[in-house]
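Take a look at the structure below.
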Protein chains: 4
Amino acid sequence: MRNCHSPSSERRQQFMDAAIELASQRGYEGATIKLIAEKCNVTVGTIYHYFKNKEDLFRQAVQERAFTSILATLLNDIDELPIEKGLFLVAQGFLKVIREAGMLVSIFISESVHNHEIGTIYADMISQNRQMMQAYLDKKIHTGQLGAIDTAVAVQIFFGHFFMAYFHKELLKMDNLPDIDETFVLNSVNLFLRSWQQEGTHV
Amino acid sequence: MRNCHSPSSERRQQFMDAAIELASQRGYEGATIKLIAEKCNVTVGTIYHYFKNKEDLFRQAVQERAFTSILATLLNDIDELPIEKGLFLVAQGFLKVIREAGMLVSIFISESVHNHEIGTIYADMISQNRQMMQAYLDKKIHTGQLGAIDTAVAVQIFFGHFFMAYFHKELLKMDNLPDIDETFVLNSVNLFLRSWQQEGTHV
Amino acid sequence: MRNCHSPSSERRQQFMDAAIELASQRGYEGATIKLIAEKCNVTVGTIYHYFKNKEDLFRQAVQERAFTSILATLLNDIDELPIEKGLFLVAQGFLKVIREAGMLVSIFISESVHNHEIGTIYADMISQNRQMMQAYLDKKIHTGQLGAIDTAVAVQIFFGHFFMAYFHKELLKMDNLPDIDETFVLNSVNLFLRSWQQEGTHV
Amino acid sequence: MRNCHSPSSERRQQFMDAAIELASQRGYEGATIKLIAEKCNVTVGTIYHYFKNKEDLFRQAVQERAFTSILATLLNDIDELPIEKGLFLVAQGFLKVIREAGMLVSIFISESVHNHEIGTIYADMISQNRQMMQAYLDKKIHTGQLGAIDTAVAVQIFFGHFFMAYFHKELLKMDNLPDIDETFVLNSVNLFLRSWQQEGTHV
DNA sequence: AATGAATGAGTATTCATTCAT
DNA sequence: AATGAATGAATACTCATTCAT
């Protein structure tokens, strides 16, 4: 008995999926209503039966697909593990999520700068993830597994690194960069946790 | 004696500046030729007197403004300094450069994904900077100032962090993030060089 | 139940008619989409709802209106008649057809030289007509009504003459030329069939 | 001491040549002032120094190149020859002239329909040639070499045939047509002079 | 719910022409 | 005589959106 405006209507989902896929390939402007309609084998009018306008379609599509809660589960699972293992698993989980949401990542990256609405959704998502992660690190300092580091900056370093690595290697296909595999994640975590300087060199 | 096609013609520069500025605010598609012309108080035809087409205008504008050589000078200047001071100065220099080229950074970020040409220019620039920085770090390992770290990944971490910090804080204006000032850079460099773990904790 | 892309849609026909008429008056370039739209009291967008682009509109319009089969019927009808009568009727029929398709003739003449697509359509049409006519003449040689003439050249002379006469007199309005009426056709057929030379003069 | 507006200025000629050549390849609209200027290694402004506007340039170019007097000389030369030989030489001469003026022929054909000015120049040229040829044929009737044919129509047949043959074969490159060589001309003249009907068949 | 015809404002691009130098 | 920067109007084409059916 659910009508076309119900958020869970199958048709609605289909339109939003098509919109996201096309926008990830061709940008927001390149994802025209006509293309979205064709991809779903309907006519343009039908899209407007489900969404007020193009902006409405995209706002809802992006919002519904933004990933947040996965990190919460993940951080809960690893709570007891040693920090190396924990960070390794968080990094792996983070990469898995952004790989799966690859199309969304493209849109966030390219639209956030100019589209304030999408920028806000992106910023909120980032912010939530950051806070959870920071809480995790703070706890690890409390339990003595980490030194008295600036966790706000540490979180930025952590997510920033894996995000950029993914962006450059897998979105922009820069091929003279290392593959983002288990080794890469291990090396990265090591570089975070251990001193870059010679042991004993730093004060 | 210089004609309109000379790259150093003042008018050309004016058009390219306007193009970059508008595109940084509204994206490539949003930076219409008409807007660019109006900003420069000429008619659209005039733009086409100087550039073959919109793509040509942007290719030249972006290419001419891409920042590369600054890092070379910088790395040369800090060659003799201790690693902490060196990394601090490189980070400061890097931030200064991307701040000055802020509009260009917006364009790179938002266009690289869909515009292959701009993607290539961006990738080349990144690649050059990475190589120079990696050579610097390798040398520091040789001289014993750094441990035997994976410099390829270290370089990614280093630039990735400052780039993302700038992107989030100064482009997307996420205000619950720390200001990117001297303290922030110092903290970041410390987090790179020193172990995140308690002294003596790691093997 | 027929949609806009059905070739028999009334609107489509209207657009194609307007396109042909305007092009016959002002040439292909002069027949702008805006003019065609105005002539049909619609906006430019509507034209593009029916045709992919200007070339598509004209290709379909020209192709659909190209006259070929009329000659086949005609030649069949006159099969039994004496050759003088037959050629007279074919000439009359040919003139009737190109008069009715007058606008199309203008387009063929003026566009064939530079527009390869239209050139091909025109050439094909000419070629088909020529072949049918040549078969007719060959048959007349067989039955002894014509001498052993070069029918390929005879066909060129026949159609070429009436076409040029129409072109000069009725398209270019050269008024010091004879009217293209029954007498003209009779005279022409006589000049083909009978010797230009004095009877008995030629070997 | 001749200035730039003197009709015989070398520059003027160069511009008109370029205009005709480009228009024969791309049509009047396709022959832009910029292209003409480039072909002559000058800038657009220079063209306007020599001609009032584009129309002026083309009017003068076409008028100056129209071929008329050649036929007069030719007809004079063949006055004494037998009619077969005479018509053969006129046809050869006519083909030579339109081949040499091929670019002009393209322009006449494609522009005469829509461009009244060029249409007039073309019509005048045709008319003069026709009158001379008709006088020649009338004389041949007087001397008894030709029967009492309608020379106005005969002239149309004669020139019309060779013109169409040239247009189809050499301008439109219809390749299933006979080559326009000596044999073709001979065959054509024979078909004019001799009866298409079996000897003795016609009354 | 769905169609698809129609709109109107916009976009890149072209081009004949002018004019100060 | 020649330049080339500048104009402004035009051109093909696109697209989000509306609406009668």
Which sits closer to the 5' end of DNA chain E, C:Phe15 or B:Glu29, going by the nucleotide each is nearest to?
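Counting from the 5' end, the first nearest nucleotide belongs to C:Phe15.
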How do A:Gly45 and D:Ile33 order along DNA chain E: which one's closest nucleotide is nearer the 5' end?
A:Gly45
Which nucleotide in the list [options] gets nearest to the side chain of [X]?
{"X": "D:Asn53", "options": "F:dT17, E:dT17, E:dA12", "answer": "E:dT17"}
{"X": "C:Tyr50", "options": "E:dT17, F:dA1, E:dA6", "answer": "E:dA6"}
{"X": "A:Tyr48", "options": "F:dT18, F:dC13, E:dT17", "answer": "F:dT18"}

Distance in angstrom units between [X] [atom1] and [N] [atom2], rounded:
{"X": "D:Ile47", "N": "E:dC15", "atom1": "CD1", "atom2": "C1'", "value": "14 Å"}
{"X": "D:Glu10", "N": "F:dA2", "atom1": "CD", "atom2": "P", "value": "12 Å"}
{"X": "B:Lys34", "N": "F:dA10", "atom1": "NZ", "atom2": "P", "value": "15 Å"}
{"X": "D:Phe51", "N": "F:dA2", "atom1": "CZ", "atom2": "C1'", "value": "15 Å"}
{"X": "B:Glu38", "N": "F:dA6", "atom1": "CD", "atom2": "C1'", "value": "16 Å"}
{"X": "B:Arg11", "N": "F:dT7", "atom1": "CZ", "atom2": "C1'", "value": "12 Å"}
{"X": "C:Lys52", "N": "F:dT14", "atom1": "NZ", "atom2": "P", "value": "10 Å"}
{"X": "C:Leu22", "N": "F:dT11", "atom1": "CG", "atom2": "C1'", "value": "15 Å"}

Under 4.0 Å, heavy atoms only, any strand: does D:Val44 hit a base, just the sugar-phosphate, or nothing?
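Base, at least one base heavy atom under 4.0 Å.
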Tell me what C:Thr46 touches on the nucleic acid: a base, only sugar-phosphate, or nothing, going by heavy atoms under 4.0 Å.
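Answer is base: heavy atoms of C:Thr46 come under 4.0 Å of a base.
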Within 45° of the ring axis of B:Tyr48 and under 6.0 Å from its six-membered ring centre, is that where the NZ or CZ of B:Lys54 lies?
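Verdict for B:Tyr48: no cation-pi partner in B:Lys54.
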DNA chain F: 5'-proximal contact among A:Lys54 and C:Gly30 (nearest heavy atom):
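Going by which nucleotide is closer to the 5' end, it is C:Gly30.
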Do any side-chain nitrogens or oxygens of C:Thr43 fall under 4.0 Å of OP1 or OP2 in E:dG8?
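For E:dG8, OP1/OP2 do not have a side-chain N/O of C:Thr43 under 4.0 Å.
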Looking at B:His49, I'd like to know whether one of its side-chain N or O atoms comes within less than 4.0 Å of OP1 or OP2 on F:dA5.
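Answer is yes, contact under 4.0 Å.
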Does atom CZ of D:Arg26 have more than 12 heavy-atom neighbours from other groups under 6.0 Å away?
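No.
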Between D:Met174 and C:Tyr122, does a side-chain contact (heavy atoms from CB on, under 4.5 Å) hold up when you go through it step by step?
CA-CA 10 Å; D:Met174 297 187 189; C:Tyr122 174 70; 3.8 Å; yes
G-U wobble or Watson-Crick pairing nucleotide for E:dT21 (cut-off 3.5 Å, both distances)
F:dA2
Residue matched to F:dC13 through Watson-Crick or wobble contacts both under 3.5 angstrom:
E:dG10
Determine yes or no for a side-chain-to-main-chain donor-acceptor pair under 3.5 angstrom, with C:Ser110 supplying the side chain and C:Ser106 the backbone.
yes
Inspect the contact between D:Arg65 and D:Asp17 and indicate whether a charged nitrogen and a carboxylate oxygen are less than 4.0 angstrom apart.
yes
